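Owing to the predicted nature of the structure, the values given are computational and were not obtained by experimental measurement. All heavy atoms count here, side chains included; hydrogens, waters and symmetry mates do not.
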Amino acid sequence: MVFKKYPIFLNLENKNILIVGGGNACLEKLYGLEFTGAKLHVISIDFSDDVQIFLNKYPSISAEKREVREEDLNHRDIIFLATSDSETNQSFRKMAKEKGIWVNSVDDPKNCDFYSSSSVSIGPVQFAISTDGKFAGVSSTLRKLFEEILPENDHELMETLFEMRRNLKEILPDQKERRLALKEIIENLNSKYFHKS
């Protein structure tokens, strides 16, 4: 029997996250974690120019140029093994498993406790695309497609809709009244723009 994955959005504020590796995979993870409020620590024997530029932009990210050690896994909430060395990934995933820490081994699905996803944000709305770690290129292509369909200027509209809904809850605290008001708005829109003569 094949089990499906359960999609979640994690609150990583103040969580202690380790990234092992300093290449393109590391950079991808850094971009994904950029605005999460997580405490990031990167360890690698070398950093690519792009990773170094990113790290220079965020001096709060702890970065060390050396080999990773077992004690580096201690007190971590999540670990990303972003190396191209599958033996390192397997070895450190085993150690992390023994410590009860969740691990994502980049491009190595069999050594993952969870998979990262490509995500699209439209104001306060965020949705994710995943291929269970099997075909990252497809996720990335779909993300770009959605970003084209939902242009940047729609973000402001989405924020406005959310603000209107929040205000409506204050103006009409009764749920039945609120439902009727929203129904009336939808019917007016439907009548004006979608009604077929």
Tell me, yes or no, whether the heavy-atom count around Glu71 atom CD, taken from other residues, nucleotides or ligands under 6.0 Å, exceeds 12. yes
Heavy atoms of Cys26 and Ala82 approach each other most closely as N-CB, 3.8 Å
query: Is it true that the side chains of Asn56 and Gln52 contain a donor and an acceptor less than 3.5 Å apart?
result: yes
hydrophobic_cluster_shared for Val103 and Val106, side chain cutoff 4.5 Å:
no
Closest heavy-atom pair, Ile43 versus Arg66, reported as atoms and distance to 0.1 Å, is CG2-O, 3.4 Å
NZ of Lys97: more than 12 outside heavy atoms within 6.0 angstrom? no
Taking every heavy atom of Ser44 against every heavy atom of Gly22, the minimum-distance pair comes out as OG-N, 3.1 Å
Rounding to 0.5 Å, atoms CD1 (Ile101) and CD1 (Ile79) come to a distance of 4.0 Å
ask   = Should we count CD of Glu98 as having more than 12 external heavy atoms under 6.0 Å?
value = yes
Here the gap from Arg93 atom CZ to Gln90 atom CD, rounded to the nearest 0.5 Å, amounts to 10.0 Å
The remaining residues in the hydrophobic cluster of Leu10, counting side-chain heavy-atom contacts under 4.5 Å among Ile, Leu, Val, Met, Phe, Trp and Tyr, are Tyr6, Ile8, Leu12, Ile17, Ile19, Leu27, Leu30, Tyr31, Leu33, Phe35, Leu40, Val42, Phe47, Val51, Phe54, Leu55, Tyr58, Ile61, Ile78, Phe80, Trp102, Phe114
Rounding to 0.5 Å, atoms CG (Leu172) and CG (Leu180) come to a distance of 9.5 Å
Distance col, row Glu170:CD vs Arg178:CZ, nearest 0.5 angstrom, shows 11.0 Å
Using the salt bridge (charged side-chain N to carboxylate O under 4.0 Å, His left out) rule, take Arg179 and Asp174 through it: C-alpha gap first, then chi angles, then the decisive distance, then the call.
CA-CA 9 Å; Arg179 209 173 272 163; Asp174 183 76; over 6 Å; no
Practice prompt. Show the numbers, then the answer: is there a side-chain contact (heavy atoms from CB on, under 4.5 Å) between Asn104 and Asp113?
Written response: CA-CA 6 Å; Asn104 173 274; Asp113 293 308; over 6 Å; no
Residues 77-87 vs side chain to side chain donor-acceptor pair (under 3.5 Å), sequence neighbours excluded, gives Thr83-Asn89, Asp85-Thr88
Verify whether one side chain among Asn14 and Lys39 offers a donor that lies under 3.5 Å from an acceptor in the other. no
In this structure, CZ of Arg69 is separated from CG of Asn74 (nearest 0.5 Å) by 11.5 Å
Does CG belonging to Asp49 count more than 12 external heavy atoms closer than 6.0 Å? no
>> Please evaluate residues Ile45 and Lys65 with respect to the criterion side-chain contact (heavy atoms from CB on, under 4.5 Å), reporting the C-alpha separation (whole Å), side-chain torsions for both, the decisive distance (0.1 Å), and the verdict.
In response: CA-CA 5 Å; Ile45 53 173; Lys65 196 178 275 192; 5.8 Å; no
**Prompt:** So does Glu34 pair up with Lys57, basic N to acidic O under 4.0 Å?
**Reply:** yes
Output for pair (Thr36 OG1, Asn11 CG), nearest 0.5 Å, gives 9.0 Å
N/O donor-acceptor pair under 3.5 Å between Arg76 side chain and Asn16 backbone: no
